[in-house]
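Here the structure comes first, spelled out in structure tokens, and everything after it is commentary.
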Number of protein chains: 2
Amino acid sequence: MRDRISKDRYEPAYAQLAAILRRRIAEGVYPPGEKIPSESAMSKEYGLSLMTVRQAIGVLMEQGLLERIQGSGTFVKPLKLTESRFDLDSLREIFHDPERTQVKVLQINLTRADPKTAEILQLPPHARVILIRRLLLRDGQPVMFHEGHIRCDPRRPVVEAELSLGPLSDLFNGQGTGTAKKGELIVLPALLGEEDAALLNRPVGSPAFRLEYTVYDFDDVPFGWGWFTAPPEVMRLKTKLGLWEER
Amino acid sequence: MRDRISKDRYEPAYAQLAAILRRRIAEGVYPPGEKIPSESAMSKEYGLSLMTVRQAIGVLMEQGLLERIQGSGTFVKPLKLTESRFDLDSLREIFHDPERTQVKVLQINLTRADPKTAEILQLPPHARVILIRRLLLRDGQPVMFHEGHIRCDPRRPVVEAELSLGPLSDLFNGQGTGTAKKGELIVLPALLGEEDAALLNRPVGSPAFRLEYTVYDFDDVPFGWGWFTAPPEVMRLKTKLGLWEER
DNA sequence: AAGTGGTCTAGACCACATG
DNA sequence: ATGTGGTCTAGACCACTTG
């Protein structure tokens, strides 16, 4: 109870309270599964308004440390491996600095849709599509392979951005100014085939991630799909959960 | 401007406003990258308090649809594949119903730590550890393989839960009542080796996920590590981003 | 019935970005 | 200087859970 919120400080009150609660959880004062003091109790104890207390709890909820149960209380959440979340941070680095990243276009064609592409893009068989295959290099070393299929739509100005030699930033850092409304992604384990392995300069049959995507425009029409192939060193799916130092 | 918040309704005002904004984004009224009306403007327009408007925006921010930039405005966020997040929902199903899930213990030993285990668990070479190897079955079909190494600590009552035949729920649905403070996980692509393949009843060399974990107790001492091997059908890493119907 | 979280208001002042 | 989001208050009433 000796913890206080200092008013005259750069750190907002809700953040201070969140830090206090976080520390108490780490010290075992509030063990996993247990209830923490009620919002009104903390409001009085620290001289904060209810909304501020709630904001502090909100912070720790986003971090997966607390759980609110209406009418019953706020509880310390035990670790659940099934609730872990992975993101593609490791790829962000790559696409965010054009200094070290180069793109080598292997192939770019106006061609006819194969059956799978026709199905995914909801096109008649043999409709026209654009096929792109490219290699992503990092400091000159090949790190990722990409194959993409784009609907060939007269209404859309065949998005130069998507064909550009640029750092793919349009696909990964925001679809141009907004052709895409939604997308679907799936990560799969895969083996490097002969071609992939040669391109990426790795042994045939070594394990890699395959990131498949489909993107839809604002009419909910799928306009592109494809995949990236990346070895695990490049695309790390790593996460922490529970109480690590700073978040 | 014809949208209104109806007061007398089961749906909270902030949710109604969030739905309105969501629809406007979907309709292209607020295109990606553009600024939406200011909080005070919406506060006046809909007759809501500022806090309520902020809550609505907060909802859409969590969904990755909006981005607040202090002093500048709130913007519609373009799709960024690198910001997609994957979770282990597919595993949650498995561990949550003991009806269909069985665990078959293949091996359970008090043994000596191998070098890797000693390093990870911060133990002297050849220290005592518990080794568990088990097979997870779903409707009688093998779906997942687990190998775990647990620190053999006299202070801790060798957590029966962890050794139990139970549905592993302690590992995946909350570490008992709270032996674990934090954990680290990494997903890797892998090939099924001879043993794994035989156990899981799959072809040798087929691709699979390997989920490696380490868990720490409240003294920050690592007390267990191990991995799960699962074919992609079992452990789906799939996600959507952008504007799908209901979230 | 009492306690808890969930929603909401009508103000206030501050920090930051932009012109 | 103006407008934006960021924080905060001191109340209020409602919905839910529990004894």
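Chain letters run A, B, ... following the sequence lines, proteins first, then strands; residues in each count from 1. Quick caveat: nothing in here was measured; it's all calculated off a predicted structure.
Annotation: of the two residues near DNA chain C, S40(A) and G47(B), the 5′-most nearest-nucleotide partner is S40(A). Between P37(B) and A15(A), the one whose closest nucleotide on DNA chain D sits nearer the 5' end is P37(B). Comparing A13(A) and S38(B) by the nucleotide of DNA chain D that holds the closest heavy atom to each, the one mapping nearer the 5' end is S38(B).
Y30(A) and F75(A) have their aromatic ring centers separated by at least 6.0 angstrom.
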Item to check | H149(B) vs I120(B), side chain to side chain contact (heavy atoms under 4.5 Å, CB included): CA-CA, chis, key distance, verdict | outcome: CA-CA 10 Å; H149(B) 305 259; I120(B) 294 179; over 6 Å; no
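Just one residue in the list T52(B), V53(B), I20(B) forms a side-chain contact (heavy atoms from CB on, under 4.5 Å) with Y46(B), and that residue is I20(B).
In summary, the side chains of R138(B) and T101(B) do present a donor paired with an acceptor at a separation below 3.5 Å, with no hydrogens or angles considered.
Residues S43(A) and S49(A) come closest through the heavy atom pair OG-C, 4.1 Å. Considering all non-hydrogen atoms of both residues, V105(A) and R134(A) come closest at CA-CB, 4.0 Å. Among all heavy-atom pairs drawn from P222(A) and R151(A), the shortest one is O-NE, 3.0 Å. Minimum interatomic distance between L66(A) and I25(A) (heavy atoms only, all atoms of both residues): CD2-CD1, 4.0 Å.
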Checklist entry - What is the per-nucleotide protein-contact pattern of nucleotides 14-19 of chain D, from the 5' end, where B denotes a base atom under 4.0 Å from a protein heavy atom, S denotes such proximity for sugar-phosphate atoms only, and - denotes neither? => result -BBB--
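The residue L48(A) sits close only to the backbone: its heavy atoms come under 4.0 Å of sugar-phosphate atoms, none of a base. Nucleic acid contact class of G58(A) (heavy atoms, under 4.0 Å, all strands): none.
A cation-pi contact, defined as under 6.0 Å to the ring centre and within 45° of the axis, is absent between K181(B) and Y216(B).
Boundaries of the chain A contact region on DNA chain C are dG3(C) to dC8(C), first to last in 5' to 3' order (nucleotide atom under 4.0 Å from a heavy atom).
Note that the two end axes of the helix from dA1(C)-dT18(D) to dT18(C)-dA1(D) enclose an angle of 10°, each drawn from 5 base pairs, rounded to 10 degrees.
No more than 12 heavy atoms of other residues, nucleotides or ligands shown are found within 6.0 angstrom of CD on E99(A).
In this structure, L50(B) atom CG and dG3(D) atom C1' are separated by 13 Å, rounded to whole Å.
Using a 4.5 Å cut-off on side-chain heavy atoms (C-beta onward), W244(A) and E184(B) make contact.
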